[in-house]
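Report on one structure; see the data block that follows.
Just so you know, ligand 1 is whichever comes first in the structure, and atom 1 is the first atom listed for that ligand. Numbers for residues simply follow the sequence, beginning at 1.
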Amino acid sequence: MFDHARFFADKIAELKQEGRYRVFAELERTAGAFPRAKNHCADGIKEITVWCSNDYLGMGQNAQVLAAMHQAIDKYGAGAGGTRNISGTNHCHVVLERELAELHGTEAALVFGSGWVANMTSLSTIGALMPDCIILSDEKNHNSMIEGMRHSKADKKIFRHNDPAHLEELLAECDPDRPKLVTFESVYSMDGDISPIARFVELAEKYGAMTYLDEVHAVGMYGPRGAGVAAREGVADRITIIQGTLAKAFGVVGGYIAGAAALCDVVRSYGSGFIFSTSMPPAVAAAALASLRYLRDHDELRDRHQERAAELKRRLTEAGLPVMPSESHIVPVLVGDPRLCKEASDALLEGFGIYVQPINYPTVPRGTERLRFSPTPLHGDDDMDRLIAALTAVWGRLGLKAAA
Ligand SMILES: *Cc1c(COP(=O)(O)O)cnc(C)c1O
C-alpha cells in the first residue's frame, strides 16, 4: 500500500537537503514602535528591528487607520456575515471600491480578500471568458498572475523581462483577430526594477491588445496621491486593468482591480474567487479606506520613503557591500549562495537583532540569492548605522563577496 506518511516526510526532507526549507520568524509586531518588534526564539523573546517588511510606509500602525478599524468593529462587529452576494456587502466595501476607482481614475473597482486572489480570479476569469484569448506575460510575473493565467487555460506566450522588442515580436506573431492580453507589473519586488509601462501600452494599442498591470508594489508609494507608477508616467488611463493590494503600502489586507465598469462587472459576475468567498470584515475595509485617504494627502511620506531608500543604497555602496541596482524603494544585497544567504540572515538576527529574510530559489534565480531590505520612513539614520556595521561584520565572518 502507498505509504502516505513517508511520502510527506520525504517531500520535506527534499526541501531541507536543498536548503529551501522555510522557517518562519515568530514575531510580535508592536503598534507604535515599528520597525521594532519582538522575536520569539528558542532562548526567549528578543527585541529586533525589521528590515524586510512589506508594510512599506508603516501604515499598519497609523493612528487614523487604527481609529477607523476600532470604530468599525464597534459599529459593525467582527465579520462581514457572508459572501458579497449573500448578505456580505457592507456599506464600507462599496465606499472603498468607489474611492479606489476614484484614485485610479477608472469607472469602477472590485475588492477581493487578497491581492493574490484578485490576480488569480481576474486573470482566470478574463482569460477563460474571451474566446481563443492569447495572454502575453512577462517572465518575472508574480505567482498569483501565473496561477490565474494557467487556470484560465488560455494560450500563453512569455516575453523576456521588461523587453518591449520581444513583446512586439510575439504580438506580431498573433492572429490580429484573436483577443489579446498583455500582463506585467510596475515595480518588481525582488530586483526593485520598474517596467517600461508607456512602451508596453503603445505596443498593446498598436496590436489591439488589452493590458493588465499589477501595481502591488507601487500603489500608495508612487505617483500623484499614491495612484501608482502608471499614474506617475501619465498612462494610467490607457491601462485596461490596474490591480493592487491593500496589504503592502496601505498596511492592512485585501486586493483589488480597477478598470471599466463592464469589465469589473464581468469579474464580479463570473469570478469564482470573488463570488464564493466571504467578503473582508467591514473593519478591514474601513481601515484600508482610512489608509488610502491618508496616503492620498501625504506626499511627504512618499518623499521620505524614497529618501530613506536612496540613503541606504548610498551607505551600502560606501561600505563596499554588493547592493544590486534598483530603481525603487527595494534594496537587494547579493549573496549568491543559498546556504550562505540563510547563514547571513541567521547571524544578523542572532548577533545583531536585525531581521532580514533570505531570498532564495525559486523566488529568485539560483546564484542570485540575496538579502532584500525595505527601508521605511520609520528607519532612522541610527538604524542604518547599526545595519551597516552588522552587515560588515557578517560579511567578514562568512567571507562573503564584496561589491564588484
Ligand atoms: C504580494 C504580491 C501579490 C499578492 O498580494 P497580497 O495582497 O499579498 O495577496 C500580488 N502581486 C505581487 C507582485 C505581489 O508581490
Does an N or O anywhere in A247 fall below 3.5 Å from an N or O of ligand 1?
no
Geometric N/O contact T245 with ligand 1, under 3.5 angstrom
yes
Do [X] and [Y] have side-chain N/O donor and acceptor atoms under 3.5 Å apart?
X    : Y    : answer
H104 : Y256 : yes
N162 : Y188 : no
Y222 : H217 : no
E28  : H40  : yes
N141 : D214 : no
E18  : Y361 : no

Give the residue, atom name and distance (to 0.1 Å) of the protein heavy atom nearest [atom].
atom                    : value
atom 11 (N) of ligand 1 : D214 OD2, 2.7 Å
atom 15 (O) of ligand 1 : H217 NE2, 2.5 Å
atom 9 (O) of ligand 1  : W116 N, 2.8 Å
atom 8 (O) of ligand 1  : K248 CE, 3.9 Å
atom 6 (P) of ligand 1  : G115 N, 3.4 Å

So which bit of N119 gets within less than 4.0 Å of ligand 1, heavy atoms only: side chain, backbone, both or neither?
side chain
M145, portion touching ligand 1 at heavy-atom distance under 4.0 Å
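No part of M145 is near ligand 1 at this cut-off.
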Got a salt bridge between K140 and D191, using NZ or NE/NH1/NH2 to carboxylate O under 4.0 Å?
yes
Before accepting this row, confirm whether a basic side-chain N of the pair R296/E99 lies closer than 4.0 Å to the acidic partner's carboxylate O.
yes
Atoms of ligand 1, numbered as shown, that sit under 4.0 Å from any heavy atom of S144:
10 (C), 11 (N)
Which of the ligand 1 atoms, numbered from 1, are nearer than 4.0 Å to a heavy atom of S114
7 (O), 9 (O)
Could you report the tightest heavy-atom contact between G58 and L378, atom names first, then the distance?
CA-CD1, 3.9 Å
Residue-ligand contact G255/ligand 1, heavy atom below 4.0 Å:
no
Tell me the nearest of M190, M120, K140, E185 to atom 13 (C) of ligand 1, using heavy-atom distances.
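Closest candidate by heavy-atom distance is E185.
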